[in-house]
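Shown next, in structure tokens, is the structure this report addresses.
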Amino acid sequence: MKKIFFTSLLIPFIFACQSPLNTNFLKNANDILVDTVADALAIEVKFETKRSWDAYKKYAWGHDVLMPLSKSYKDWYKEPLYISPIDAYSTLFLMGLKDEAKEIEIYVTDTLNFNKDLDAKVFEVNIRILGGLLAMFEWSENPEVLEKAKDFADRMMPAFNTPTGIPAYWVNLKTGVARGDTVNVAEAGTYLLEMGILSYYTKEPKYYQAAKKATLAIYNRRSEIGLIGDEIDVNTGKWVSVTSHICAGVDSYYEYLYKSYLLFGDKELGKIWNESLGLINKYLAEEHEDKLWYGRVDMNTGERSSSVITLYDAFFPAILALSGNMDRAVRLQNTWDWLWKKYGIEPMAYDYKKEKVTYPVYALNPEIIESAYYLYSMTNDSTYLQMNRHYWESIKKYCKTDVAFTSIENVETMVKRDNMPTFFFAETLKYFYLTFSNHQKNFRLQDYVLNTEAHPFKKSNFKKAEMKTRLGI
Ligand code: DMJ
């Protein structure tokens, strides 16, 4: 810890020194110093991850979520599904916390049983449990983990037996009975990656085909001007809400269009992504007070309906950058950075025209950190390293507890809320760590596609020549 303390004293000095340095010698010296600082931050993030993991083990082992203030736990359902550890695995593994990761793997293969009489939210368990197990399989190469992933997916599959192919909201993991007629677009169309990866490894196209049918069911119900709404009835295929946006409730539908094209080479999805992005930029994007925002419009008329955005939308600079739209990615990330700094930490929802917070919670969410990581990886511009360093300092200042980290009830008062969501392990800590250790080149973003819960999948594992037989593309 001494090293961390010493280096943290150097950090402001080093970053302050960056711009005036213009000779090659000084530039190289500066780069070395920046790398040294980043190394220290990576060590600190790893240390804090281990501290939080130890707290989970001490107070919540076997359960879904740690409650860091009361030092207890909570489960999503009447029985636990072990969501925090499954979500944490790929982060612990990447940080070199191999013993901790191995312990999770052994629990998954030897103890965990998904034959539970409970109704699980299909979207949430897909990105966290199925996504987490598939990443665990890739890193551990343990075939029993793949069996567990397949077992879990088979329990999810009955949800897709609807007249539209859009999955119901809930599915009972034991009986396969599905319920919940209305889903949002993210809940309808965030399955392509996990189910495509499962199809690839099991050589059973049915998973990818079900996911693709659900995504196309959304796309095929676009309006005359090409936009989609945000809530739909899975039985009738009728829009329940006609508001079009990229915010919470829609976000990862768009993310998966592009990432599935990237990982599997599914050209149909690449085409839909390109078309969708054109419409998003045409109808949703707007300049306000010299900043770029993406608001809400009516899917049928294109008329603006609201300027409320959510912190989830900060995923968009990452996907813009990944798909080659760097100018907009940079501008949008600057907007999010401004909002974070306005409050000291970002609020869950904000009205950019009324200039006020509409929902003041911050739940340790990763999106702005994810986008800073993508931009840093893709540009090597230390502006984004500094952004993530700033967000890390804010989270330490406001969210750190004596045992782990916790959510904020209100970013205007910084009152804490007793909850450490599972994505804090899966995403937030991972993106910080990958940013700070980026220069070590031990994880190159261009070699991976990450699901929306930040579980990484190696591109070279997926051979394009195999896609026809394994995924049915
Ligand atoms: C994560 O569970 C996923 O990233 C999801 O797509 C939406 N955002 C949450 C964390 O904020």
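Below, each value reflects all heavy atoms present in this structure, side chains not excepted, and no hydrogens, waters or symmetry copies. Here the structure is a predicted model, which means the values were calculated and not measured. Each ligand, and each atom within it, is numbered from 1 in the order the structure gives.
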Verify, without hydrogens or angle tests, whether S252 (side chain) and E255 (backbone) share a donor-acceptor contact under 3.5 angstrom. no
### Task
Check whether the side chains of D230 and T243 place a donor and an acceptor atom closer than 3.5 Å, and report yes or no.
no
> On the ring face of F93, is K98 found with NZ or CZ under 6.0 Å from the centre and within 45° of the axis?
Replying inline: yes
Worksheet entry | Charged N-O contact under 4.0 Å between D54 and R51 | no
(Q) With a 4.0 Å cut-off on N to O distance, would you call E105 and K102 a salt bridge? (A) yes
- Query: Do any N or O atoms from the side chain of Q209 and from the backbone of L471 form a donor-acceptor pair under 3.5 angstrom?
  - Reply: yes
Protein neighbours of ligand 1 with a heavy atom under 4.0 Å, given by chain and number, are I127, R128, Y312, N365, P366, E367, F423, E427, T452, E453
